[in-house]
*Asks:* 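Could you have a look at this structure, given as structure tokens, before my questions?
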Amino acid sequence: FLSRPTDAVGVPARRASLRLLDAVLRQGLPLEAALDGVARGLSGPDRALAYAIAAETLRRLPDLDALIDGATRQKLPPDVKARTV
């Protein structure tokens, strides 16, 4: 469910990190709790990469939100999926 035959290296991990962020930011789950469901089927390195991307994004979220708000004409609501991407 996470990978496709045409996926480049690292794409499944990046897709999983997006699902992790959605689970944390929109569903309110703890990152570690969301990891098992979201990263099921990923290899160890891809699972670790998905976790690392999501964790670092969450750590830098205020800075990222400020960058997004500074680059858009209208402020995006916090729950817009485009903001998460």
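Keep in mind that this is a model prediction, so the values were computed, not measured.
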*Asks:* Could you pull out the closest heavy-atom pair between P12 and L42, with the gap in Å?
*Replies:* CB-CD2, 3.8 Å
*Asks:* Within this structure, what is the CZ-CG distance for the pair R40 and L35, rounded to the nearest 0.5 Å?
*Replies:*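 Nearest 0.5 Å value for the CZ-CG distance: 10.5 Å.
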*Asks:* Distance from T57 atom OG1 to L20 atom CG, nearest 0.5 Å?
*Replies:* 10.0 Å
*Asks:* Please tabulate, for side-chain N and O atoms in residues 70-77, each donor-acceptor pair with protein atoms closer than 3.5 Å (sequence neighbours left out).
*Replies:*
| residue | atom | partner | partner atom | Å |
| --- | --- | --- | --- | --- |
| T72 | OG1 | I68 | O | 3.1 |
| T72 | OG1 | Q74 | O | 3.1 |

*Asks:* Let me check something: do L58 and V38 share a hydrophobic cluster, defined by ILVMFWY side-chain heavy atoms less than 4.5 Å apart, either directly or through other members?
*Replies:* yes
*Asks:* If a pair satisfies salt bridge (Lys or Arg N to Asp or Glu O under 4.0 Å) and one of its residues is in residues 49-67, list it, with sequence neighbours excluded.
*Replies:* E56-R59, E56-R60, D65-R83
*Asks:* Going by salt bridge (Lys or Arg N to Asp or Glu O under 4.0 Å), name the residues that satisfy it together with R14, two or more places apart in sequence or in a different chain.
*Replies:*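 With neighbours one apart ignored, the set is empty.
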*Asks:* Which pair of non-hydrogen atoms, one from L61 and one from L25, has the smallest distance, and what is that distance?
*Replies:* CD2-CD2, 3.7 Å
*Asks:* Between side-chain atoms of residues 45-55 and protein atoms elsewhere (two or more places apart, or another chain), which donor-acceptor pairs fall under 3.5 Å?
*Replies:*
| residue | atom | partner | partner atom | Å |
| --- | --- | --- | --- | --- |
| R47 | NH2 | D36 | OD1 | 2.6 |
| Y51 | OH | E32 | OE2 | 2.8 |

